[in-house]
Each structure stands twice: as C-alpha cells, then as structure tokens.
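First comes the structure, then the notes that go with it.
In each ligand, atom 1 is the first atom listed, and ligand 1 is the first ligand listed. Owing to the predicted nature of the structure, the values given are computational and were not obtained by experimental measurement.
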Amino acid sequence: MLNLKGRDCISIDDFSKEEIEFIIDVGRQLKRELKMGRYTPLLLGKSLAAIFETPSTRTSISFETGVQQLGGHMLWLDSHRLWVGEAQEEDWHDTIKVISRYCDGIAYRSIGQARQLSAAEYADIPVINASSPVEHPCQAFADAMTMLEKKGDLKNIKVAFVWGYRTANPPAGLTNSTVLMAAKLGFELAVACPEGFDPDMEIFQKAREYADLSGAKISIVRSYEEAVTGADFINVYSWVSPEMFAKGLETHFQGDAEFQKKKEALKDTWCVTKKVVDMAKKDAMVMHCMPISRNTEVTDEVLNSPKSIIFDQAENRLHVQKAIMALTMATTVPF
Ligand code: CP
C-alpha cells in the first residue's frame with residue numbers, strides 16, 4: 001500500500017510508475033463500487049476548492065460529482081468570489097493560504113503555468129492540476145485507465161497521439177502529460193504533429209531518459225501514417241504552444257491572425273478520417289479527450305463508429321479523479 005496523503009498532482013512527473021498504477025487501480029476499484037451502487041464516503045466533511053480560469057465541462061463536472069460521491073463538497077470559486085480575480089485586490093499567495101485554512105484540497109485550472117506552480121508551493125493542502133498550458137495530468141490518468149481497461153496491460157501497446165486541425169487553440173498540456181505517462185508506464189508512443197506543434201522539448205527529453213529505464217519508445221513524426229501504422233490506440237487532440245494558447249485567450253480563442261492563417265493550411269491534411277484509422281491495427285480504438293471539433297479534427301464517421309471509446313474516456317475522468325482526491329485528501333484510506 002502506498003501513501004499519497006497530502007501530495008500535489010501537478011505533473012505526471014510527480015509520481016513513480018508504481019504510484020501511477022496504484023492511482024489507476026484505486027480508480028478502477030471506486031468505479032466497481034459505484035457500479036454496484038456502493039458509495040465510499042472517504043471525504044466526509046471535506047471540501048474541495050475549485051478555481052477554473054477557463055471553461056470546463058468534463059473536468060469541473062467530474063470533480064464536483066466525484067467529491068460529492070466521496071461524501072465531500074466542492075466550492076466553485078469563480079472570479080466574483082475571489083478578490084484576486086477581476087477585482088485584483090488580493091495577493092494570489094494570500095488567497096491560496098486562506099483557502100488552505102478552510103478547505104482540504106484545490107482543483108485548479110490555470111491559464112498560466114507559473115500560477116499553477118505557485119499555488120502548489122503556497123498551499124498547505126493538495127493542489128490538483130485541472131489543466132494548465134503545460135500539463136493535464138487528470139486527463140492522462142483517465143486515458144491510461146481507459147487503455148488498461150480495454151487491453152488489460154499496456155506493456156506491448158502502441159499509442160498514436162495525433163494532432164487534428166481546429167480553429168480554437170487548446171493548450172498542449174495533455175500532449176506533454178501523455179509523453180510522460182508513456183515514459184513512466186513503458187508503452188510505445190508516436191506523437192504525430194506538423195512542424196511548430198512539437199511537445200515541450202524539456203519534458204520530451206526528460207521522458208526519453210525515463211524511457212531508457214521503462215522500455216518505452218517515444219517519437220515525434222510528421223505524418224499520420226508513421227504514427228498510426230501498428231497502433232492499438234489513436235488518441236486525437238489539437239494543441240498549440242503555451243505562447244499561442246495565451247494569445248488565443250487574449251482574443252477570445254481566436255489567436256494570432258498570422259498564426260491562424262498558417263494553421264488553416266493544415267486543415268485538409270490533419271483530420272483523422274476512416275482511411276487513417278484503417279492504417280492502424282484491425283482492432284484499434286479511437287480516443288479524444290473532448291471537447292471535439294467534429295469533422296475538422298476527426299470525422300463523425302470515425303467518432304460514431306464502434307472503434308470510438310471517447311465516452312468511456314470521459315467517464316473515467318470521474319473515477320480516476322476520485323482516486324486522486326481520496327488518496328491525497330482523505331484522513332485514512334482503505335486501499
Ligand atoms: N477534457 C477536458 O479537460 O474537458 P473540459 O475542458 O470540458 O474539462
């Protein structure tokens with residue numbers, strides 16, 4: 001039994017292979033309990049503070065529902081409730097320290113990485129990264145859990161993590177977290193993306209070092225064919241660098257005009273169609289963290305086919321985040 005009490009979850013790199021497998025295993029146990037109608041009140045009387053600086057459907061709902069199923073309560077701290085928000089009347093660190101005196105954990109979706117890291121530094125309670133421009137660990141945990149459920153073992157699988165075109169500019173966090181997840185768990189990962197959309201190189205190099213120990217094979221390729229050939233899973237996502245993500249936020253997700261024009265040239269090449277899926281293994285499955293820009297990133301034909309496991313993936317956000325909250329925030333855990 002591993003003890004994760006009081007730990008933050010900012011990066012996949014915060015955890016060892018054994019800890020990652022443990023979190024996923026607890027997520028699977030909590031899922032089984034829930035399916036049998038049994039609630040596990042491990043967070044009775046505890047509170048999770050939720051600070052989300054960008055919109056969220058899956059992450060916010062799964063955290064709120066999850067903490068409630070564990071007997072706890074979530075406080076939605078939007079900008080109207082924080083002096084640090086629109087009013088800018090309080091120091092961020094003071095806000096975080098005060099929240100630490102009332103609550104038992106913080107789920108934080110940040111538009112900047114520095115604030116994510118400083119929240120973890122100044123909080124006396126666990127901070128869970130609910131997506132940042134650099135990492136989205138909760139989604140990477142849910143994706144790994146989903147693949148494990150489907151295959152039983154990740155040792156000999158190949159994942160094609162492929163870029164798809166969309167006009168919006170989502171952050172590259174999931175891409176970086178997936179690179180680290182592959183390196184820690186030891187599966188093969190081919191990231192396919194156009195030039196200019198590579199994952200964070202510092203994270204990629206670190207992952208390469210871990211891969212030497214775990215046996216993972218991690219590569220960046222420039223075509224769907226190279227990534228998808230022999231793949232067991234095709235995980236589609238659209239991402240931009242933290243700099244372009246920030247520009248997108250300044251212009252209500254429209255981004256830099258010159259960048260958007262350049263990106264538009266990728267439209268026809270970078271959409272996952274049935275033809276792309278047919279290059280993978282016969283029983284390959286298609287994933288996407290959602291929200292999806294349908295028929296630009298990936299076609300309806302693919303998303304609506306039996307190969308698509310996008311809703312299993314979305315569901316597992318709930319179970320694995322319950323595991324993260326229970327293991328880091330509960331007074332005692334029976335796992
Ligand atoms: N996948 C994901 O994080 O979805 P939301 O942005 O809706 O939370």
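- Checked by atom type and distance alone, the side chain of Ser110 never pairs as donor or acceptor with a backbone atom of Gln113 at under 3.5 Å.
- Counting heavy-atom neighbours within 6.0 Å of Gln205 CD, excluding the residue itself, gives a total above 12.
- Ligand 1 lies under 4.0 Å from heavy atoms of Ser56, Thr57, Arg58, Thr59, Arg109, His136, Gln139, Cys289, Met290, Arg317.
- By the salt bridge (charged side-chain N to carboxylate O under 4.0 Å, His left out) test, Asp124 pairs with no residue at all, sequence neighbours left out.
- Grouping Ile, Leu, Val, Met, Phe, Trp and Tyr residues whose side-chain heavy atoms lie under 4.5 Å apart, directly or via other members, places Leu318 in a hydrophobic cluster with Leu34, Tyr39.
- Sequence neighbours left out, the pairs with a member in residues 153-181 that pass salt bridge (charged side-chain N to carboxylate O under 4.0 Å, His left out) are Arg166-Glu297.
- The side-chain tip of Arg115 points at the ring of Trp92 from less than 6.0 angstrom away and within 45° of straight on.
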